[in-house]
Amino acid sequence: MDLPPPAGARGLPPGTVAGPAALTALGVAAWHVLPAATWLPPVRRALWPALHGVGDPGHVALTFDDGPDPDSTPRFLDTLDRLGVRATFFLLGSALARAPQVGRTLVAAGHEVAVHGWEHRRPWRPAPSRDRQEVRRAVETVREVCGTEPRWYRPPYGILTGGLWTASRLAGLRPVLWSAWGRDWEAGATPASVLRTVLGELRGGGTVLLHDTDHASAPGSWRVTLEALPLLVDRCRELGWRVGPLEDHLADPRPA
């Protein structure tokens, strides 16, 4: 059976062999795209459970993306304080630079801060140099503002390309995605739908993805998440799961 030519070689005359430049382009594209298959939960659950956020079976890791936000994040801190729960906040470097006091307050309240990149963009095209620069810049901003050394990295949209994977490892970070999410970024989300969606996927040892801001979500969606948060924590406790940050959840946090 004749196989179709590689995507990068289509359009070449019959019998033409792709040259070194075309082969290099194909290699770069594959290096960029293939790791992003880990966005699919069944793939990472089966092949990379730590990337899926699978940890202590008696524990659930609570994580928030896209902050800090001076309007919404402090309200999450107040609610978490009332619940007696610490969490991990994946911060955007650009947002932290705009709201440094919120970042310092996060750490002072006992929460863990991690890296979500510099800007919240989709990595459609390979940009390894930019990836390295932006991840490093975000790490340096966390160190300078929060006075702590970040351990974890989660790319925007959970799209872990070859460039972002390499950039995070070079920066001394370990990539972690999630085991369950609430789809709290959607315009039609409600506290009940967030709770139902999380619990439909969550098992002991899982990592939950929520958002403490509407930076990349439907306007005002953080209010839905905030209302769902006590319901989620209460349900986890009813099921016998402790709730806390990734540092209490995953062993061996530093990259190998």
Side-chain angles (χ1 to χ4, degrees), residues 53 55 59-118 120 138-139 141-154 156 173 176 178 180-185 189-191 194-195 197-198 202 206-237 241-250 253:
H59 187 270
V60 166
L62 182 62
T63 70
F64 296 91
D65 282 8
D66 297 355
D69 185 299
D71 295 324
S72 57
T73 302
R75 301 178 190 233
F76 282 82
L77 299 184
D78 289 344
T79 297
L80 290 168
D81 182 60
R82 288 197 301 271
L83 293 168
V85 171
R86 294 185 301 125
T88 299
F89 287 79
F90 283 87
L91 308 181
L92 290 169
S94 57
L96 180 60
R98 290 192 298 269
Q101 185 55 46
V102 182
R104 287 190 283 268
T105 301
L106 275 168
V107 174
H111 299 287
E112 183 181 34
V113 291
V115 173
H116 198 38
W118 186 257
H120 203 286
V139 169
T141 302
V142 168
R143 286 174 182 154
E144 293 170 5
V145 172
C146 299
T148 187
E149 188 72 25
R151 300 177 177 184
W152 319 103
Y153 173 69
R154 178 181 291 156
L173 303 174
V176 179
W178 59 85
W181 61 11
R183 302 190 72 87
D184 55 338
W185 64 87
T190 65
V194 170
L195 183 65
T197 303
V198 171
L202 187 61
T207 292
V208 176
L209 163 63
L210 295 171
H211 298 81
D212 60 303
T213 172
D214 59 10
H215 174 81
S217 306
S221 57
W222 64 266
R223 298 179 186 276
V224 169
T225 308
L226 187 63
E227 190 173 340
L229 184 55
L231 305 175
L232 174 60
V233 171
D234 287 348
R235 184 56 180 151
C236 287
R237 287 171 169 166
W241 302 331
R242 305 182 315 279
V243 181
L246 281 168
E247 63 184 352
D248 294 345
H249 186 70
L250 292 176

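These numbers were taken from a predicted model, which means no experiment stands behind them. Count residues from 1 along the sequence.
Shown here are the ring pair (Phe, Tyr, Trp, His ring centres under 6.0 Å) partners of His59, two or more places apart in sequence or in another chain: His249. Partners of Asp65 according to the salt bridge (Lys or Arg N to Asp or Glu O under 4.0 Å) rule, which considers only residues two or more places apart in sequence or in another chain, are Arg154. Residues meeting the side-chain hydrogen bond (donor to acceptor under 3.5 Å, both in side chains) test with Arg237, sequence neighbours left out: none. Scanning for side-chain hydrogen bond (donor to acceptor under 3.5 Å, both in side chains) contacts around Arg75 gives an empty result, with sequence neighbours left out. Remark: Asp214 pairs with no residue by the side-chain hydrogen bond (donor to acceptor under 3.5 Å, both in side chains) rule, at least two apart or across chains. For Arg183, the side-chain hydrogen bond (donor to acceptor under 3.5 Å, both in side chains) partners at least two apart in sequence or on another chain are Glu186. Take Ala109 and apply the side-chain contact (heavy atoms from CB on, under 4.5 Å) test, not counting sequence neighbours, and it matches His111.
Here CZ of Arg104 is found 14.0 Å from OG1 of Thr148. Values are rounded to the nearest 0.5 Å. Going from atom CG of Leu202 over to atom OG1 of Thr197 covers 12.0 Å, rounded to the nearest 0.5 Å. Note that the OG1 atom of Thr213 and the CG atom of Asp71 stand 8.5 Å from one another [nearest 0.5 Å]. To the nearest 0.5 Å, atoms SG (Cys236) and CZ (Arg242) are separated by 12.0 Å.
Using bins of under 30°, 30° to 60° and over 60° for the plane-to-plane angle, the ring pair Trp178/Trp181 lands in the parallel bin.
In this structure the side chain of His116 reaches within 4.5 angstrom of the side chain of Asp66, judged on heavy atoms. Taking the side chain as every heavy atom from C-beta outward, Leu210 and Thr63 never approach each other to under 4.5 Å. No side-chain heavy atom of Phe64 sits less than 4.5 Å from a side-chain heavy atom of Thr73. Considering only heavy atoms from C-beta on, Thr190 stays 4.5 Å or farther from Leu195 through its side chain. Counting only heavy atoms from C-beta outward, the side chains of Pro100 and Thr141 never approach each other to under 4.5 Å. Pro150 places none of its side-chain heavy atoms less than 4.5 Å from the side chain of Val113.
Thr207 contributes a side-chain N or O that, together with a main-chain N or O of Gly53, makes up a donor-acceptor pair within less than 3.5 Å.
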Between Val194 and Leu231, is the side-chain contact (heavy atoms from CB on, under 4.5 Å) condition met? List the steps.
CA-CA 10 Å; Val194 170; Leu231 305 175; over 6 Å; no
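Ala138 approaches Gly117 most closely through the heavy-atom pair CB-O, 3.5 Å. Taking each heavy atom of Leu250 and Gly55 in turn, the nearest pair found is CD2-CA, 3.8 Å. Contact between Pro68 and Ala99 at its shortest, heavy atoms only, is CG-O, 4.0 Å.
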Using residues 83-93 as the side-chain source, report each donor-acceptor pair under 3.5 Å to any protein atom, sequence neighbours left out, with the distance given to one decimal.
unit_1 : atom_1 : unit_2 : atom_2 : d
Arg86  : NH1    : Gly110 : O      : 3.1
Arg86  : NH1    : Glu247 : OE2    : 2.9
Arg86  : NH2    : Asp248 : OD2    : 2.8
Thr88  : OG1    : Glu112 : OE1    : 2.6
Thr88  : OG1    : Leu246 : N      : 2.9

Identify every side-chain donor-acceptor pair in residues 220-230 under 3.5 Å, counting partners at least two apart or on other chains, and give the distances.
unit_1 : atom_1 : unit_2 : atom_2 : d
Ser221 : OG     : Ala218 : O      : 2.8
Thr225 : OG1    : Asp184 : OD2    : 2.8

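A donor-acceptor contact closer than 3.5 angstrom is absent between the side chains of His215 and Asp69.
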